[in-house]
Amino acid sequence: MILDTAKSYLVKEVAPLANEIDINSDVLLKALKGLGNLGLLALRVPQQWGGYGVSDEVFASFQELVARYSGALAFLQTQHQSAAGMLVQSRNSALQQAYLPHMGNGDVLLGVGFSHIRRLGDPTTVAIPVAGGYQIDGFVPWVTGWNLFSEFIVAATLADGGAVFGIVAFVETQQATGGAIAFGTPMQLASMRSTSTLSATLTRFFLPSDRVVFIKPAEWIHNNDIKNILRATPLAIGCAMAGLDIIQAAAQAKSLAFIDEAFTALDRELSECREAIAQAHYSTFTQKVRLRAWAIDLAVRTAHAAITVSSGSANNSDRPAQRVYREALVYTVSGQTPAIMEATLKQLTSPQRYHPKSQNITYSQVIHLSHVIHPDIPQWLGDPPVEFETVAELNQDGYYLRRFSLGEHTATHINAPKSFYTDGVGIDQYPANLLVVPAVVLNIKAQAANPDYTLSVADILTWEQQHGEIEPGGVVLLYTGWQNKWWDKAAFLNADSSSNLHFPGFSKNATQFLLQRQIAGVGIDTHGVDPGQDTMLTTNRLVLEKPRIVLENLTNLDQLPIRGTTLAIGILRLQNGSGSPAAVMAFVP
């Protein structure tokens, strides 16, 4: 409901004025007040304080929406929402009561000015405890919202390295005690100039204790940056969405197939990036930084593509493509840390962006991971039977030939998204390079003495402690020992008296965890990657939300090393196939 309300307002009232909002502070303020009229300016504030208390997922979607339709509005309201979030964390109940109930509707508009404490070296602002409060001296290089916000939260560094945060007036101030705040002129930013960002200088400024939001320990902001490294990604994603809107409109207007192709490729990549970010709860800091860099790179490339399809008209400063391109520059450096800068540069300079990745497979032996196919193999109830019919005899026809019949999910096989999604791709659409992948092996044979055992997140973490983190782009093979039951159909399917099957597999949580590791797929030596009792086929559905690898009925997994194997997966390119019997070979170093 909140997102529907926001989108309706943004599409009708904001998008048509996006270029004007970018340069005109009055129009920007009107747009901000419009969000306030809808109660959307304190979304993370608990309901007890007049907010909605939305989840991180809903707030991220909201941020994407605003950034999609106006970068300036997104940038400005983010400052206010951040200030509201800081007040929620405060122990100053008087400030909470005075501000929080009035922030969601925009009756109180509050900015922030604390990014300078992120800088390395000597602090630019310092605070000294004095009677009744703190004396602040120094320079705040960035404060957004001059003549838009009435106050802002400023931060100053204490002698022990901590920082005091307090609310001050966003106006030239001369205190009776001799303290003062002075502001520079609004910066001539490449984009979002209407947000009126400027610098502030505080001289012997007295901050009373009753205006203190909180005091944070040394390194707080750096630890906070690590914890919330992905918090700014929705703005970059929203910028990429804005670029895609321009590309899609150009495709419809110009009817050029290559524009459609560009839109489809970028749209698919954006979906993958959003999915990876949404599933990054268990990801390491390094992986999250890479995701942040990916979102930045996507914003820049999509905006550049919007410039490209707009042709010469994109040189006009009032064109949407140019505005979105300039907004991408802002999101590239917003909240930047050395780690983000490094990851962004690596993303931008990676040879894989421009040259196909070459891969050399070094191996000492090749191992079949596929069972021999014959008419008496284990199969799902209702699957078509395996049949062989001789159509030519050597002694009669001069050659030997059989016709065979079997289902797409028979024997050792690979599943495709077409199995579970009406718009999913068929196995014939899998590119060849997707079928040559590295693999790791997790051994749960001991646990699988319980036929209903499922791989857990704890199992994966224990494995990683011993063997290192599972890297992106590989297939995770689960060895249960079930391969040894293949020649006994009853034991392999392990049905009880009610025809319920019992064999081990991947749990839902483990699958989600592995997808957050950005794996290429999963495989197992049982009849399915889903445990026998999971009739919803949860792991299959999760993994095959996009073209990934799902291998079932594998064998010889006990002959593989834990790491280092490369799989070559041979498929039948069945048109619109839901899957295919697979000849899976393991190249072992």
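Count residues from 1 along the sequence.
- Using modelled atom types, one side-chain atom of H527 and one backbone atom of W380 make a donor-acceptor pair closer than 3.5 Å.
- H409 places a side-chain N or O within donor-acceptor distance of the main-chain N or O of S578, the cut-off being under 3.5 Å.
- Under the 30°/60° scheme for interplanar angles, the aromatic rings of F587 and Y363 are found to stand perpendicular.
- T412 places no side-chain N or O within 3.5 Å of a backbone atom of A582 that could act as its donor or acceptor partner.
- The shortest side-chain heavy-atom distance between V522 and L478 does not fall under the 4.5 Å cut-off.
- Side chain of S194 to main chain of I21: a donor-acceptor pair is present (N/O by atom type, distance under 3.5 Å, no hydrogens or angles).
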Item to check | Verdict with supporting geometry, E342 and K346, salt bridge (Lys or Arg N to Asp or Glu O under 4.0 Å) | outcome: CA-CA 6 Å; E342 179 184 13; K346 285 183 177 180; 3.4 Å; yes
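- At least one donor-acceptor pair closer than 3.5 Å links the side chain of E327 to the backbone N or O of G71.
- Counting heavy atoms of neighbouring residues, nucleotides and ligands inside a 6.0 Å radius, atom CZ of F404 does not exceed 12 of them.
- A donor-acceptor pair under 3.5 Å is absent between the side-chain atoms of Y9 and the main chain of D4, judged by distance alone.
- Closest approach of F75 and S334 over heavy atoms only: CE1-OG, 4.3 Å.
- Within the 3.5 Å criterion, the main-chain N or O of R292 finds no donor-acceptor partner in the side chain of T233.
- The shortest distance between side-chain heavy atoms of L477 and L567 falls below 4.5 Å.
- Taking a 6.0 Å sphere around CD of E471, one finds it holds 12 or fewer heavy atoms contributed by other residues, nucleotides or ligands.
- Q287 and E469 share a side-chain donor-acceptor pair at under 3.5 Å.
- By the neighbour-count criterion of 12 heavy atoms within 6.0 Å, atom CZ of R118 is densely surrounded, having more than that number from other residues, nucleotides or ligands.
- With hydrogens and angles ignored, the 3.5 Å screen pairs no side-chain donor or acceptor of N576 with any backbone N or O of G426.
- Here the straight-line distance linking atom CG of L35 with atom CD of E13 works out to 11.0 Å at 0.5 Å rounding.
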Next on the checklist: Working note: D107 + N105, criterion side-chain hydrogen bond (donor to acceptor under 3.5 Å, both in side chains); need CA distance, chi angles, decisive distance, verdict.
Outcome noted: CA-CA 6 Å; D107 286 346; N105 60 14; 3.2 Å; yes
Item to check | Audit row: I246, S310, side chain to side chain contact (heavy atoms under 4.5 Å, CB included) steps and yes/no | outcome: CA-CA 8 Å; I246 295 169; S310 300; 3.8 Å; yes
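- Remark: the backbone N or O of P438 is not paired with any side-chain donor or acceptor of T566 at under 3.5 angstrom.
- Just one residue in the list R548, E552, E408 forms a side-chain hydrogen bond (donor to acceptor under 3.5 Å, both in side chains) with N415, and that residue is E552.
- The minimum heavy-atom distance between L198 and G184, with the atom names listed, is CD2-O, 3.2 Å.
- Residue L270 comes nearest to A240 through the heavy atom pair CD1-CB, 3.9 Å, listed as atom of the first residue, atom of the second, then distance.
- For T511 and T539, the side-chain atoms include at least one donor-acceptor pair closer than 3.5 Å.
- K546 NZ: more than 12 foreign heavy atoms inside a 6.0 Å radius.
- Here the side chains of K33 and L109 are in contact, with some heavy-atom distance below 4.5 Å.
- Scanning both residues, H80 and L41, for their nearest heavy atoms gives CD2-O, 3.0 Å.
- Looking at R193, R326, Q322, R323 one by one, the single match for side-chain hydrogen bond (donor to acceptor under 3.5 Å, both in side chains) with D22 turns out to be R326.
- When only modelled atom types and interatomic distance are considered, D318 and N19 share no side-chain donor-acceptor pair under 3.5 Å.
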Next on the checklist: Apply side chain to side chain contact (heavy atoms under 4.5 Å, CB included) to residues L110 and F149 and explain how you reach the verdict.
Outcome noted: CA-CA 5 Å; L110 190 62; F149 296 150; 5.9 Å; no
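- Across every non-hydrogen atom of R541 and E545, the tightest pair is O-CG, 3.2 Å.
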Checklist entry - Should M187 and W142 be marked as a side chain to side chain contact (heavy atoms under 4.5 Å, CB included) after you check the CA-CA gap, both sets of side-chain angles, and the distance that decides it? => result CA-CA 9 Å; M187 300 176 186; W142 293 86; 3.8 Å; yes
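- T344 is listed as a side-chain neighbour of I340, based on a closest heavy-atom distance under 4.5 Å.
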Checklist entry - Taking it one step at a time, do L435 and I549 satisfy side chain to side chain contact (heavy atoms under 4.5 Å, CB included)? => result CA-CA 8 Å; L435 301 171; I549 305 298; 4.0 Å; yes
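- Side-chain contact between L291 and Q518 is present, with heavy atoms from C-beta onward closer than 4.5 Å.
- A 4.5 Å side-chain heavy-atom check between W294 and E269 finds at least one atom pair inside the cut-off.
- Note that the CG atom of L348 and the CZ atom of R301 stand 9.0 Å from one another [nearest 0.5 Å].
- Across all non-hydrogen atoms, the minimal contact from P581 to G407 is CG-O, 4.0 Å.
- Not one N or O on the side chain of Y69 forms a donor-acceptor pair closer than 3.5 Å with the backbone of G238.
- Here the CZ-CD distance, from R274 to E64, works out to 4.0 Å after rounding to the nearest 0.5 Å.
- The side-chain heavy atoms of V66 and L40, taken from C-beta on, include no pair separated by under 4.5 Å.
- Distance check: L17 CG to L73 CG gives 11.0 Å after rounding to the nearest 0.5 Å.
- In K227, the NZ atom is not crowded: 12 or fewer heavy atoms of neighbouring residues, nucleotides or ligands sit closer than 6.0 Å.
- Here CD of E20 is found 9.5 Å from CG of D26. Values are rounded to the nearest 0.5 Å.
- The shortest side-chain heavy-atom distance between K254 and S311 falls under the 4.5 Å cut-off.
- To the nearest 0.5 Å, atoms CG (L235) and OG1 (T78) are separated by 4.5 Å.
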